[in-house]
Amino acid sequence: MERPRFVTLVPVKPPAHGKSRLRGLGDDERRRLAAAFALDTVAACLATPSVAAVLCVTDDARFAADLAATGCAVLPDGVADDLNEALRLAAHEAARRWPDLVPVAVCADLPALRPHDLEGALLSWAGAAGFVVDSDGTGTTMYVAPTVDFDPRFGHHSRADHLAAGAREIDGALPTLRRDVDDAAALAQAEELGLGIRTAEVLAGLQTR
Ligand SMILES: Nc1nc2c(ncn2[C@@H]2O[C@H](COP(=O)(O)OP(=O)(O)OP(=O)(O)O)[C@@H](O)[C@H]2O)c(=O)[nH]1
Ligand SMILES: C[C@H](OP(=O)(O)O)C(=O)O
């Protein structure tokens, strides 16, 4: 049987409002870091062999241009303040553009993400709704399902919500896919794993001040 190929849906909250738990930074520094996380996440998705397309979802029109410059497609949210509904709408748009690709949502706060880990998770996907638990053990960093079943439950304690909805955990070490960054401690752990080039650049700028 032919291996499935995927379109990654990457939701990006406008960087000026995202990553609010990264404390001790000025607004502009936090915005630049949130933007760099997203750009590094997208770069890793684009470099993943089973990923044939990347569709970012953001309501930040200016940042959309920066994302598009990396080679991905970009779509506005379609609904305000509802991450899961925005992802559902994006999955349907992806099915219209790329009917042969399976949609997979990947959070945009994975600055250490390596194509090897995303590829590993996609190769382990069993064919129904599946998800990857975050490093902290309660959240979700990736959700995949055929378009007709695509029903993500990102949010507080999303691991429990995904399990309750019948989705299956995708196993494997996958350290860089699991390490989402919400706060300074997680950023330090991502740094140990090895940051993407954009995040490393922004962080180096902050540290030399
Ligand atoms: N397009 C879009 N993306 C969102 C929305 N809410 C969250 N996201 C993205 O979904 C992913 C997971 O969200 P969170 O971990 O809560 O990130 P965040 O909202 O930037 O961070 P906090 O301010 O700490 O809540 C990140 O990639 C966010 O950018 C939304 O309403 N629309
Ligand atoms: C989106 C959410 O991320 P958190 O804000 O809990 O890191 C989740 O894990 O489903």
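Computed from a predicted structure; not experimentally measured. Numbering of ligands and ligand atoms starts at 1, following listing order.
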Hydrophobic cluster membership, Leu195 vs Leu39, 4.5 Å side-chain cutoff: no
Where at least one partner belongs to residues 146-170, residue pairs that pass ring pair (Phe, Tyr, Trp, His ring centres under 6.0 Å), sequence neighbours excluded: Phe131-His162, Tyr143-Phe150, Tyr143-His162, Phe154-His162
Set of residues that line ligand 1, where lining means a heavy atom lies under 4.0 Å from it: Pro11, Val12, Lys13, Gly18, Lys19, Ser20, Arg21, Val57, Asp77, Leu83, Cys107, Ala108, Asp109, Asp182
Qualifying ring pair (Phe, Tyr, Trp, His ring centres under 6.0 Å) pairs with a residue from residues 3-45, counting only residues at least two apart or across chains: Phe6-Trp125
Heavy-atom closest pair, residues Leu123 and Ser50: CD2-OG, 4.4 Å
Presence of salt bridge, Arg32 and Glu29, under 4.0 angstrom: no
If you look at each N/O of ligand 2, which protein N/O atoms lie under 3.5 Å away, and at what distance?
{"from": "ligand 2", "atom 1": "5 (O)", "to": "Arg21", "atom 2": "NH2", "distance (Å)": "2.9"}
{"from": "ligand 2", "atom 1": "7 (O)", "to": "Asp182", "atom 2": "OD2", "distance (Å)": "2.6"}
{"from": "ligand 2", "atom 1": "9 (O)", "to": "Thr140", "atom 2": "N", "distance (Å)": "2.9"}
{"from": "ligand 2", "atom 1": "9 (O)", "to": "Thr140", "atom 2": "O", "distance (Å)": "3.4"}
{"from": "ligand 2", "atom 1": "9 (O)", "to": "Ser158", "atom 2": "OG", "distance (Å)": "3.3"}
{"from": "ligand 2", "atom 1": "10 (O)", "to": "Gly155", "atom 2": "N", "distance (Å)": "2.9"}
{"from": "ligand 2", "atom 1": "10 (O)", "to": "Gly155", "atom 2": "O", "distance (Å)": "3.1"}
{"from": "ligand 2", "atom 1": "10 (O)", "to": "Ser158", "atom 2": "OG", "distance (Å)": "2.6"}

Residues, nucleotides or ligands: over 12 heavy atoms within 6.0 Å of Leu163 CG: yes
Neighbour count above 12 (heavy atom, 6.0 Å) for Arg198 CZ: no
Flag if over 12 foreign heavy atoms under 6.0 Å of CZ, Arg168: no
Lys/Arg-Asp/Glu bridge criterion (N-O < 4.0 Å) met for Arg62, Asp60: no
